[in-house]
Amino acid sequence: MVNLFVPPSYMAVYAKCVDATMPAFEPEEWIEEGKVYPVKHFTEPLNQGEGFAVTIMDEDGIEIHPSPSHWSFASTRFELYTLHLN
């Protein structure tokens, strides 16, 4: 089991896509290189050195899922930014 981290209300997390190469499977929805996405939640590292899974949203706040079996993206595809709100 992997822990899920949801940013608290005083924090906003964003992910800038730096790698939009297509995966081996044919995704239903995909990301654009250079675009910044709000992060809904993310996991703890899956294995040491492998990064973690990031669930992102579109401009309307709807989650982007590559496929029914892939609900998140690898953190290696993004630069993550955290804003602390007052």
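These values consider heavy atoms only, across backbone and side chains, with no hydrogens, waters or symmetry-generated copies.
- With hydrophobic clusters built from ILVMFWY side chains whose heavy atoms lie under 4.5 angstrom apart, Phe73 does not share a cluster with Val6.
- Nearest heavy-atom pair across Ile31 and Arg77 is CD1-CD, 4.0 Å.
- For Ser69, the side chain to side chain donor-acceptor pair (under 3.5 Å) partners at least two apart in sequence or on another chain are Ser67.
- Connection of Phe78 to Met22 is established within a shared hydrophobic cluster, with ILVMFWY side chains joined at heavy-atom distances below 4.5 Å, either directly or through further cluster members.
- Within the 4.5 Å cutoff, no side-chain heavy atoms of Cys17 are placed close to those of Glu32.
- Every pair passing ring-ring contact (aromatic ring centres under 6.0 Å, His included) that includes a residue from residues 2-29 is listed here, sequence neighbours excluded: Phe5-Phe42, Phe25-His70.
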Which side-chain N or O atoms in residues 51-65 pair as donor and acceptor under 3.5 Å with protein atoms at least two apart or in another chain?
| from | atom 1 | to | atom 2 | distance (Å) |
| --- | --- | --- | --- | --- |
| Thr55 | OG1 | His41 | ND1 | 3.4 |
| Thr55 | OG1 | Ser72 | OG | 2.7 |
| Asp58 | OD1 | Asp60 | N | 2.9 |
| Asp58 | OD1 | Gly61 | N | 3.1 |
| Asp58 | OD1 | Ile62 | N | 2.9 |
| Glu59 | OE2 | Lys35 | NZ | 2.4 |
| Glu63 | OE1 | His65 | NE2 | 2.9 |
| Glu63 | OE2 | Lys40 | NZ | 2.6 |
| His65 | ND1 | Trp71 | O | 3.1 |

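- When all heavy atoms are compared, the tightest approach of Leu80 to Val39 is CD2-CG2, 4.3 Å.
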